[in-house]
**Q** 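Questions regarding the structure given below will be posed in turn.
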Amino acid sequence: MPPLSKRIGILGGTFDPIHIGHLALARQFSRCIGLTELVLLPAGQPWQKSDVSAARHRLAMTCLASARMLSTTRVTVSTDEIYHSSPSYTTKTLSAWRKYHGTSASLTLLIGADQLLRLHTWKNWRRLFEFAHIGIATRPGFDLSQADATVLNEIWQRSVSADTLRSTTHGYVFRDTTLSLDISATDIRQSIRERECNFSREISNVPDVVWKYIHRHHLYQT
Ligand code: ATP
């Protein structure tokens, strides 16, 4: 089947801060699926996390990183979730986007392995497939085979090649097993807070413009 003209990847996250792991995930799927657009979707009030930085800082860092994120794919930042005062749910957001795009676009939610291990706790997670595909990337420390049995069963039945995601609107799963970046926002925040010996390594895991923003606004120092 020929590819659909719009192939949109959606990368949701707390982005506290956005880092090289996010960039690598975006690049990898942009290549595999041939994305025409990548949407970064900063979360408003992640219901599974506490102590999250102010929305304005996370949004600013995401916008700064988006500018030079991908060379051949348009990158946009969506504020659909970040200004919600109550927790927002991915399935609901995707349902609205599907309504907006109709049958003209392939929509793929991009997630790392840690999110797959939590997928069964997401509100209405099974309904995600009515609106989008899922692209799953490996991540050190998170074993995909340890996902909940209901999730594994669903993934197993829906797994296809990246080509299928290009030419269909929703309902499939593509697993990319090439990523292996042991980088997390938690480690970066901790390293800044504690000025650990691996401080410079952690800082190099953040795009330069983002590090300058963190520095200017004294983020993560207490
Ligand atoms: P925190 O450490 O604060 O929990 P995080 O580093 O996991 O944050 P998020 O913003 O929560 O970053 O992640 C957004 C998305 O990016 C998630 O789907 C997550 O799985 C994925 N992701 C983040 N870092 C990596 C990585 N190193 N490799 C693969 N996927 C990643």
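First listed ligand is number 1; within each ligand, the first listed atom is number 1.
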**Q** Rounded to the nearest 0.5 Å, how far does CZ of Arg27 lie from CG of Leu179?
**A** 11.0 Å

**Q** Taking distance alone, with no angle check, do Asp182 and ligand 1 share an N/O pair under 3.5 Å?
**A** no

**Q** Students often mix this up, so state it plainly: with edges at 30° and 60°, are the rings of Trp125 and Phe129 parallel, tilted or perpendicular?
**A** perpendicular

**Q** Would Gly12 count as a contact of ligand 1 if the rule is a heavy atom under 4.0 Å away?
**A** yes

**Q** Once you measure the plane-to-plane angle for His170 and His133, does it fall in the parallel (<30°), tilted (30-60°) or perpendicular (>60°) bin?
**A** parallel

**Q** Between Arg189 and Leu219 (side chain of the first, backbone of the second, donor and acceptor by atom type, cut-off under 3.5 Å), is there such a pair?
**A** no

**Q** Taking 4.0 angstrom as the limit and counting only heavy atoms of His22, give me the atoms of ligand 1 inside it, by number and element.
**A** 9 (P), 10 (O), 12 (O), 13 (O), 14 (C), 16 (O), 23 (C)

**Q** Any ion pair linking Arg126 and Glu154 (charged N to carboxylate O, less than 4.0 Å)?
**A** yes

**Q** Among side-chain atoms of Ser53 and Asp16, is any donor-acceptor pair under 3.5 angstrom?
**A** yes

**Q** What atoms of ligand 1 come closer than 4.0 angstrom to any heavy atom of Gly112?
**A** 18 (O), 19 (C), 20 (O), 21 (C), 30 (N)

**Q** Please list, in number order, the atoms of ligand 1 under 4.0 Å from a heavy atom of Arg189.
**A** 3 (O)

**Q** Keeping the roles fixed (side chain from Arg98, backbone from Ala132), state whether a donor-acceptor pair exists under 3.5 Å.
**A** no

**Q** Purely on distance, is any nitrogen or oxygen of Thr14 under 3.5 Å from one on ligand 1?
**A** yes

**Q** Could you list the atoms of ligand 1 found under 4.0 angstrom from a heavy atom of Gln115?
**A** 17 (C), 18 (O), 20 (O)

**Q** For Thr138, counting its heavy atoms only, list the atoms of ligand 1 lying under 4.0 Å from any of them.
**A** 29 (C)

**Q** Residue-level breakdown please: for Ala185 versus ligand 1, do any non-hydrogen atoms fall below 4.0 Å on the side chain, on the backbone, on both, or on neither?
**A** both

**Q** Could you check whether any side-chain N or O of Ser191 sits under 3.5 Å from a backbone N or O of Ile188, counting only pairs where one atom can act as donor and the other as acceptor?
**A** no

**Q** Output yes when a side-chain donor or acceptor of Ser30 lies under 3.5 Å from a complementary backbone atom of Leu35, and no otherwise.
**A** no

**Q** Kindly confirm or rule out an N or O of Phe15 lying under 3.5 angstrom from an N or O of ligand 1.
**A** yes

**Q** Check for a donor-acceptor pair, side chain of Thr108 on one end and backbone N or O of Gly135 on the other, with a separation under 3.5 Å.
**A** no

**Q** Need the ligand 1 atom indices (1-based, order shown) with element for anything under 4.0 Å from a heavy-atom of Thr186.
**A** 1 (P), 2 (O), 3 (O), 4 (O)

**Q** For Gly13, take its heavy atoms, then give the atoms of ligand 1 lying under 4.0 Å from any of them.
**A** 10 (O), 14 (C)

**Q** Tell me whether the centres of the aromatic rings in Trp97 and His101 are closer together than 6.0 Å.
**A** no

**Q** Can you find an N/O atom of Ala137 closer than 3.5 Å to an N/O atom of ligand 1?
**A** no

**Q** Would you say Asp16 has any N or O atom under 3.5 Å from an N or O of ligand 1, going by distance alone?
**A** no

**Q** Counting each atom of ligand 1 from 1 as listed, which ones have a heavy atom of Ile111 under 4.0 Å away?
**A** 18 (O)

**Q** Non-hydrogen atoms of Ile188 versus ligand 1: any pair closer than 4.0 Å?
**A** no

**Q** Report yes if some N/O of Leu181 lies less than 3.5 Å from some N/O of ligand 1; otherwise report no.
**A** yes

